[in-house]
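Notes follow once the structure below has been shown.
Note: hydrogens, waters and symmetry copies are ignored here, and every other heavy atom, side chains too, is used.
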Amino acid sequence: MTAVDVTVRTPDARLDGQLDMFPGATAVVAFAHGSGSSRHSPRNQAVAEELRRTGVATLLFDLLTPEEERTDNVTREQRFDIDLLTRRLTGAVDWLAAQESTKGVPIGLFGASTGAAAALRTAAERPDLVATVVSRGGRPDLAGTEALQLVRAPTLLIVGGADTDVLRLNEDAADWLGGPSRIHVVPRATHLFEEEGALEEVADAASGWFAGVLGERER
């Protein structure tokens with residue numbers, strides 16, 4: 001297994017990323033990080049490590065260019081620009097589908113916070129490419145009800161039990177999803193899953209979900 005630094009080319013940007021692809025990978029999961037984060041997010045890195053251990057390749061990449069990140073650190077605007085984040089993630093999905101090493105490999109999406117909204121919109125826009133979506137402490141409501149109804153990919157919404165406002169938003173969004181969905185509540189966990197064992201439960205739930213959905217596709 002070799003991690004390769006890559007440049008993800010989308011119609012409007014060149015984005016730094018890290019692709020961990022290996023022979024026999026059952027899928028490749030692209031990560032859409034949350035508000036104010038990047039491809040170096042320790043929480044997403046931990047989940048990605050667990051996915052790779054179970055045979056799933058990963059792509060962690062920056063949704064914003066360095067200049068946009070500098071602006072966002074001051075204004076905090078780009079991290080909530082769901083249209084922008086969706087364009088970047090959709091571009092990354094198209095990029096994966098065109099790369100020699102990942103062409104034909106099922107694509108999953110893992111979105112955190114505002115990145116979850118982008119993941120669901122991308123699933124709505126690329127139903128033939130996105131096999132499944134997992135959200136961690138996500139804001140699926142920001143995808144909008146129209147996009148949620150167009151999502152056909154099976155979706156897992158992981159939320160902390162103590163993150164009550166976000167849990168309510170996820171429950172409401174799940175009612176709008178056009179495909180099968182499930183909410184996994186991590187007891188007593190807050191928004192960033194910093195409690196002991198919480199992030200491990202996130203990683204286990206995500207890896208189990210990807211394995212289950214992709215296993216069904218292979219039958």
- [ ] I would like to know whether Leu199 and Glu194 meet side-chain contact (heavy atoms from CB on, under 4.5 Å); could you show each step before the answer?
- [x] CA-CA 7 Å; Leu199 191 57; Glu194 296 174 307; over 6 Å; no

- [ ] May I ask you to decide if Ala153's main-chain N or O and Thr155's side chain share a donor-acceptor pair within less than 3.5 Å?
- [x] yes

- [ ] Starting at CG of Asp20, measure out to CG of Leu60 and round the result to the nearest 0.5 Å.
- [x] 7.5 Å

TODO: First locate atom OG1 of Thr58, then atom CG of Leu51, and finally report the distance between them rounded to the nearest 0.5 Å.
DONE: 7.0 Å

Open item on the list: If we count only N and O atoms by modelled type, under 3.5 Å, do the side chains of Thr122 and Thr90 hold a donor and an acceptor together?
Closed with: yes

TODO: Evaluate salt bridge (Lys or Arg N to Asp or Glu O under 4.0 Å) for Glu49 paired with Arg52, printing each intermediate quantity in order.
DONE: CA-CA 5 Å; Glu49 182 178 355; Arg52 293 191 294 268; 5.5 Å; no

Task: Closest approach of Arg139 to Ala117 (non-hydrogen atoms, all atoms of both residues) - done: O-CB, 3.4 Å

Task: Distance (rounded to the nearest 0.5 Å) between Phe22 CZ and Ser101 OG - done: 11.5 Å

Open item on the list: Can you confirm whether Arg182 is buried at CZ, in the sense that more than 12 heavy atoms of other residues, nucleotides or ligands lie under 6.0 Å from that atom?
Closed with: yes

Task: Common cluster, Val6/Met21, ILVMFWY with side-chain heavy-atom separation under 4.5 Å - done: yes

Task: Minimum heavy-atom distance Val151-Ala123, with the two atoms named - done: CG1-CB, 4.3 Å

- [ ] Say whether Leu150 and Leu129 are linked into one hydrophobic cluster, either directly or through other cluster members, by side-chain heavy-atom distances under 4.5 angstrom.
- [x] no

- [ ] Take Thr10 and Trp95, measure what side-chain contact (heavy atoms from CB on, under 4.5 Å) needs, and give me the verdict at the end.
- [x] CA-CA 7 Å; Thr10 72; Trp95 181 86; over 6 Å; no

Open item on the list: If you compare all heavy atoms of Ala206 against all heavy atoms of Phe110, which two are closest, and at what distance to 0.1 Å?
Closed with: CB-CE1, 3.9 Å

- [ ] Please examine the side chains of Leu64 and Thr71, heavy atoms only from C-beta on, and report whether any two atoms are closer than 4.5 Å.
- [x] no

TODO: Side-chain contact test, heavy atoms from C-beta onward, threshold under 4.5 Å: evaluate it for His184 versus Leu156 and give yes or no.
DONE: yes

Task: Leu15 side, atom CG; Glu68 side, atom CD - distance, nearest 0.5 Å - done: 8.0 Å

Task: Distance-minimising heavy-atom pair for Thr86 and Ala118 - done: OG1-CA, 3.5 Å

Task: Exercise: identify the closest heavy-atom pair between Gly178 and Arg152 - done: CA-NH1, 3.5 Å

TODO: Answer yes or no: is there a donor N or O on one side and an acceptor on the other, between the side chain of Gln149 and the main chain of Thr145, under 3.5 Å?
DONE: yes

Task: Separation between CZ of Arg43 and CZ of Phe31, rounded to the nearest 0.5 Å - done: 13.0 Å

- [ ] Go through Arg14 and Thr7 one step at a time and tell me if the side-chain hydrogen bond (donor to acceptor under 3.5 Å, both in side chains) criterion holds.
- [x] CA-CA 6 Å; Arg14 293 186 174 190; Thr7 300; over 6 Å; no

- [ ] Kindly give the heavy-atom pair with the smallest separation between His191 and Gly137, and that separation in Å.
- [x] CE1-O, 3.0 Å

TODO: Is it possible for you to say whether Leu192 and Leu167 belong to one hydrophobic cluster, with membership spreading through side-chain heavy-atom contacts below 4.5 Å?
DONE: no

Open item on the list: Test your reading of the model: is there a side-chain donor-acceptor pair from Thr102 to the backbone of Val105, 3.5 Å cut-off?
Closed with: no

Task: Test item: Arg136 and Asn44 side chains (from C-beta on) under 4.5 Å apart, heavy atoms - done: yes

- [ ] Measure the shortest side-chain to side-chain distance between Asp16 and Asp5 over non-hydrogen atoms and say whether it is less than 4.5 angstrom.
- [x] no

TODO: Please answer whether the main-chain N or O of Thr190 pairs with a side-chain N or O of Glu195 as donor and acceptor at a distance below 3.5 Å.
DONE: yes

TODO: Check step by step if side-chain contact (heavy atoms from CB on, under 4.5 Å) holds for Trp209 and Ile158.
DONE: CA-CA 11 Å; Trp209 180 265; Ile158 305 174; over 6 Å; no

Open item on the list: Quick one, Leu19 and Val28 - any side-chain contact, counting heavy atoms below 4.5 Å?
Closed with: yes

Open item on the list: Can you tell whether the side chains of Glu171 and Arg168 come within less than 4.0 Å, N to carboxylate O?
Closed with: no

Task: Side chain Arg121, main chain Ala143, donor-acceptor under 3.5 Å - done: yes

Task: Side-chain heavy atoms of Leu120 within contact of Val133, under 4.5 Å - done: yes

Open item on the list: Could you tell me if the side chain of Phe61 sits less than 4.5 Å from the side chain of Leu89, heavy atoms only?
Closed with: yes

TODO: Can you measure from CG (Leu96) to CZ (Arg126) and round to the nearest 0.5 angstrom?
DONE: 12.5 Å

Open item on the list: Given 3.5 Å as the limit, does a donor-acceptor pair link the side chain of Asn170 with the main chain of Gly138, or not?
Closed with: yes

Open item on the list: Taking Leu84 as the starting point, is it possible to reach Val74 by hopping between hydrophobic residues whose side chains are less than 4.5 Å apart?
Closed with: no

Open item on the list: Please evaluate residues Val29 and Leu59 with respect to the criterion side-chain contact (heavy atoms from CB on, under 4.5 Å), reporting the C-alpha separation (whole Å), side-chain torsions for both, the decisive distance (0.1 Å), and the verdict.
Closed with: CA-CA 6 Å; Val29 170; Leu59 171 68; over 6 Å; no

Task: Backbone of Leu63 reached by a side-chain donor or acceptor of His33 within 3.5 Å - done: yes

